[in-house]
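Quick caveat: nothing in here was measured; it's all calculated off a predicted structure. Throughout, protein chains are lettered first and strands after them, A, B, ... in sequence-line order, and every chain is numbered starting at 1.
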Protein chains: 2
Amino acid sequence: MKPTRATLADVARLAGVSLGSASRALSVPDQVKPQTLANVQRAVEQLGYVRNGAAQALASRKTHTVAAIYPTLNNPIYADSIQALQQTLWGYGYQLLIASHEYKPARELEVLRAILERGVDGLVLVGTDHPPEVFELTRQYDLPYVLTWSVDETQYPHCVGFSNFEAAYALARRIVGFGHRRVAMCGGSTFGNERVRARQAGTRAALREAGLDLRPEWIVEAPFTFEGGRQALRELWDGEARPSVVICGTDLQAIGLLDECRAKRIRVPEDLSVTGFDDIEQARLTQPPLTTVRVPSLEIGTRAARHLMALIDGKDGDDEIVLDAPVVERGTLAKPADLRRSAREQ
Amino acid sequence: MKPTRATLADVARLAGVSLGSASRALSVPDQVKPQTLANVQRAVEQLGYVRNGAAQALASRKTHTVAAIYPTLNNPIYADSIQALQQTLWGYGYQLLIASHEYKPARELEVLRAILERGVDGLVLVGTDHPPEVFELTRQYDLPYVLTWSVDETQYPHCVGFSNFEAAYALARRIVGFGHRRVAMCGGSTFGNERVRARQAGTRAALREAGLDLRPEWIVEAPFTFEGGRQALRELWDGEARPSVVICGTDLQAIGLLDECRAKRIRVPEDLSVTGFDDIEQARLTQPPLTTVRVPSLEIGTRAARHLMALIDGKDGDDEIVLDAPVVERGTLAKPADLRRSAREQ
DNA sequence: CTGAAAGCGCTAACAC
DNA sequence: GTGTTAGCGCTTTCAG
């Protein structure tokens, strides 16, 4: 029965060295004589000693913990990224504190405050658009941070992500290339979310080149969930005119929308084309498989971790990591019905 | 420009009170005169003061952080639970440190050590089967913990979960009730995983009642992923004899298996019945929708959080929370082909 | 209800 | 290389 945990002082005493040496043996082992190192290690072993993180943090002002604030954990794309982040961080001896704000900027700020109070050495945020107070706090606390997922609408050098504008642009070009002219978008709120804005902008740009525009009634705002997709389809389908394609903001929405199509006996892609965004694993399991944009979520996690580690080490590292987010064509995007017909007629 | 963060001493000075009073004003506001409280609050405001968590932790031996170690984050069921856990904890002023061990017991131990070093006030673990060192450490550190997901194979009172045995038993009864006699299981490794064992046992119990048994070659061990399910089907289908139903350990596997069925033109449930476990959202999106067992993952998260808070507060609380995990029948489980035929013949 | 003072366990100069 | 010695910023007795 151990009444109280062993401290470094106990270790030092048992090893017959000073407190300082014991401390060094643990944190900078190559700055002590092999002999003392061995003694200390033996003592540690014997006592089952484990460092007290709080004390270490207080004295060294390093917590060996970083925090990541995600919009939600309910999207596999973020889960994947967290997984990668966590694994990589682990390799550096860092722990991960995670939180989510459910797409509410105010909530994000609260969460950040709580995290700051607990103390972390670095921060990972998703997206570039955050309440100004967020940036003030990171500055005030001198907290290194990396922005992930997006490189849109920002000057900040430490971003690990892709251009949502370009990705959406490329996808829309593809869509236009198939001959679609009645294009709808099912996205989330643009509030505090530059990804949604950038994608809208990218889509618009491609449409404009083809002489098209996005009709306001065909831009529907729905939650980034299966249910959101279902809702969106209902809204779109009950409208005056019907689009020939709907561009979804996430695969989750697209999958839900596809399911609603099935319920309503709308054939995809014959009656309606659908595209997603993220390329989650399920995207290839729909019937037909979903045409989408592949977001390198694992790589974002891994590189964000590495980049943050570099920042924390004071190595200002390379700037902005722009990853690729290619369109992956599968079965839900095809020529619109009217064109098929005319093609056949020729 | 703030060269250095304000400390409680600064606050006290500005407020014209002692360090002690300032401290109390923050942590036990009703033990100070309203006047001093107000002074302190004003000072805090003015200085933009934020507590230093490390110092607080060191002095009070409370970190206001709890850790949760999950098998993986790559299963929506865990993501959901984490979400609920995190939200609930947040309401109590606690942060969540998360980690995963990818179904490797040794890894879990390492992770726990790192977490212990960092310091947490409580711990959430998934399952009841962990390396003995895990339990030794929690004891040695006097760390309150709750075991989730399962109440099988354990004496430990602080569990929040369901009986995997019962759930599997109920499902198997249902399967047997449909007339299946050639039953296969696609599960994960039983190593360090009592859930898998309990489910096998429950399944066996139900089969035995019907005079059946599980043929060893029909127990396939595959990763808990889409791909795992695909693999399992291939293995099972290429074998000497073919089962009439396969019971999957997770919906992820079941969905992958279903997809492989489609690829191989195996009709479900005509040629083969399939069941899942978890009832993730996608389970109702397969074609036909998946018959599965509904695991109350959100509730597990919420109640685990509450229970842990009680433990931390020294309220030993109520014991073992046994939740319900009902079978949800959808379309992938039906009578086996031979019975259908004979039914028709009659 | 408040102030003073003693640590919490560790790191980081600083001399030796 | 190693020992000594200040703190890190806060909580918590203990008197008053």
In whole angstrom, what separates B/Lys62's NZ from D/dT11's P?
-> 13 Å
B/Arg13 has an atom CZ; how far is it from atom C1' of D/dG9, in whole Å?
-> 12 Å
Between D/dT11, C/dG9, C/dA4, which one does the side chain of B/Leu8 approach most closely?
-> D/dT11
With respect to the side chain of B/Val17, which nucleotide from C/dG3, D/dC10, C/dT11 is positioned closest?
-> C/dG3
Between D/dT11 atom C1' and B/His64 atom NE2, what is the distance in whole Å?
-> 11 Å
Closest to the B/Arg61 side chain: D/dT2, C/dG9, C/dT2?
-> C/dG9
Distance in angstrom units between A/Leu58 CG and D/dG7 P, rounded = 14 Å
Once you round it to whole Å, what is the distance between C1' of D/dC10 and CZ of A/Arg118?
-> 14 Å
Please state whether the base of C/dG9 and the side chain of A/Arg5 form at least one donor-acceptor pair under 3.5 Å?
-> no
A/Tyr70 side chain near A/Ser81 side chain, heavy-atom distance below 4.5 Å = yes
Check A/Arg5 against A/Asp10 and note the closest heavy-atom contact, atom names and distance.
-> O-OD2, 4.2 Å
Rounded to whole angstroms, how far apart are CG on B/Asn52 and C1' on D/dG7?
-> 13 Å
What integer distance in Å separates B/Leu19:CG from C/dG7:P?
-> 16 Å
Taking only the side-chain nitrogens and oxygens of A/Ser60, find out if one of them lies under 4.0 Å from OP1 or OP2 of D/dC8.
-> no
Figure out the NZ/C1' separation between A/Lys33 and D/dG1, and round it to whole Å.
-> 7 Å
Residue-phosphate contact under 4.0 Å: A/Thr36 side-chain N/O, D/dT2 OP1/OP2 = yes
Comparing B/Val32 and A/Ala9 on DNA chain C - which has the more 5′ nearest nucleotide | B/Val32
Taking only the side-chain nitrogens and oxygens of A/Gln31, find out if one of them lies under 4.0 Å from OP1 or OP2 of D/dG1.
-> no
Check whether any side-chain heavy atom of A/Ile312 lies under 4.5 Å from a side-chain heavy atom of A/Tyr94, and answer yes or no.
-> yes
Taking C/dG3, C/dC1, D/dT11 as options, the one with an atom nearest any side-chain atom of B/Ser21 is C/dG3
Parallel, tilted or perpendicular, as decided by the 30° and 60° cut-offs, for the rings of A/Phe135 and A/Tyr145 | tilted
Output field: ring centroids A/Tyr103/A/Phe224 closer than 6.0 Å = yes
Is the phosphate of D/dG3, meaning OP1 or OP2, less than 4.0 Å from a side-chain N or O of A/Arg24?
-> no
Side-chain N,O (A/Ser23) to OP1/OP2 (C/dT11) below 4.0 Å | yes
Are A/Ser18 and D/dG3 close enough that a side-chain N or O sits under 4.0 Å from OP1 or OP2?
-> yes
